[in-house]
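Only heavy atoms go into these numbers, but all of them, side chains included; no hydrogens, no water, no symmetry mates.
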Amino acid sequence: MGGFSYSMKLGLSAAGMAIVVGVILGALAALKRGKLLDKIIQVVTTALVSMPSFVIATLLLIIFALRLGWAPTMATQPGGMVLPALSLSLYPMAYITRLERSAMLDVLGQDYIRTARAKGLKNTRVIFKHALKNSMGPVITYAGPMMAYILTGSMVVENIFSVPGLGRLFVNSMLRTDYMMIMGVTIFLAVMIIMMNFIADVLYKVLDPRINLG
């Protein structure tokens, strides 16, 4: 499928932004628990979680493309994939931030963290080598469903930004009642979702060897 390259580029960009930014913000919120930064992050992530991707995409298009002119309105133009990827990444980024914050707070309260600090290890080493690594479990678990959300949510976003990907192809097929194309795209997306969930399970096993996939 010719649109797969566009959808894959869009999905990987959105997933990468969501995971990296979400983990960083979640860790910062946990380390600054109860302080101003933590409260700001919680308010912003709560707002983003409550907004569907097509609402975010429409707002970004109106503000940054039509009003300010900072980005093109169509994805085929230079730099046109920035707004679609950002639209798809904000919801999972906010959700990952909340997951990472909760997991990091739980890990920071464990005995081995207190033991590592009592041994005189630097705080940065305790955070990056022990706390951050052991708090990534929920994020990895969410990575599979997150890809499913990005692949299905991109259908509307691709139409808003005129991305010639699978999502736009799927919507156009429904409008034309092209049942063969609808079935083909559905099966293809289902296979991709299964593969993403499998990869997430394997990564979870690598992260925590105690997990038994059998």
To the nearest 0.5 Å, atom CE of M81 lies from atom CG of L86 at 12.5 Å
Extract all donor-acceptor atom pairs below 3.5 Å that involve side chains of residues 14-39 and protein atoms in other chains or at least two apart in sequence.
| residue | atom | partner | partner atom | Å |
| --- | --- | --- | --- | --- |
| D38 | OD1 | Q42 | NE2 | 3.2 |
| D38 | OD1 | R101 | NE | 2.9 |
| D38 | OD2 | G34 | N | 2.9 |
| D38 | OD2 | Q42 | NE2 | 3.2 |
| D38 | OD2 | R101 | NH2 | 3.0 |

Closest heavy-atom contact between V49 and A94? CG2-CB, 3.6 Å
Summary of salt bridge (Lys or Arg N to Asp or Glu O under 4.0 Å) pairs that have at least one residue in residues 47-62, sequence neighbours excluded: none
What donor-acceptor contacts under 3.5 angstrom involve side-chain atoms of residues 55-72, with partners at least two apart or in another chain?
| residue | atom | partner | partner atom | Å |
| --- | --- | --- | --- | --- |
| T58 | OG1 | F54 | O | 2.7 |

Residue pairs fulfilling ring pair (Phe, Tyr, Trp, His ring centres under 6.0 Å) with at least one residue in residues 84-108, sequence neighbours excluded: Y91-Y149, Y95-Y142
Is M51 linked to F161 within one hydrophobic cluster, defined over Ile, Leu, Val, Met, Phe, Trp and Tyr using a side-chain heavy-atom separation of less than 4.5 Å? yes
According to a hydrophobic-cluster definition based on side-chain heavy atoms being under 4.5 Å apart (Ile, Leu, Val, Met, Phe, Trp, Tyr only), do I194 and L12 belong together? no
Output the distance between atom CE (M146) and atom CG (L99), rounded to the nearest 0.5 Å. 11.0 Å
Looking at residues at least two apart in the chain, or sitting in another chain, which of them share a side chain to side chain donor-acceptor pair (under 3.5 Å) with T46? R98
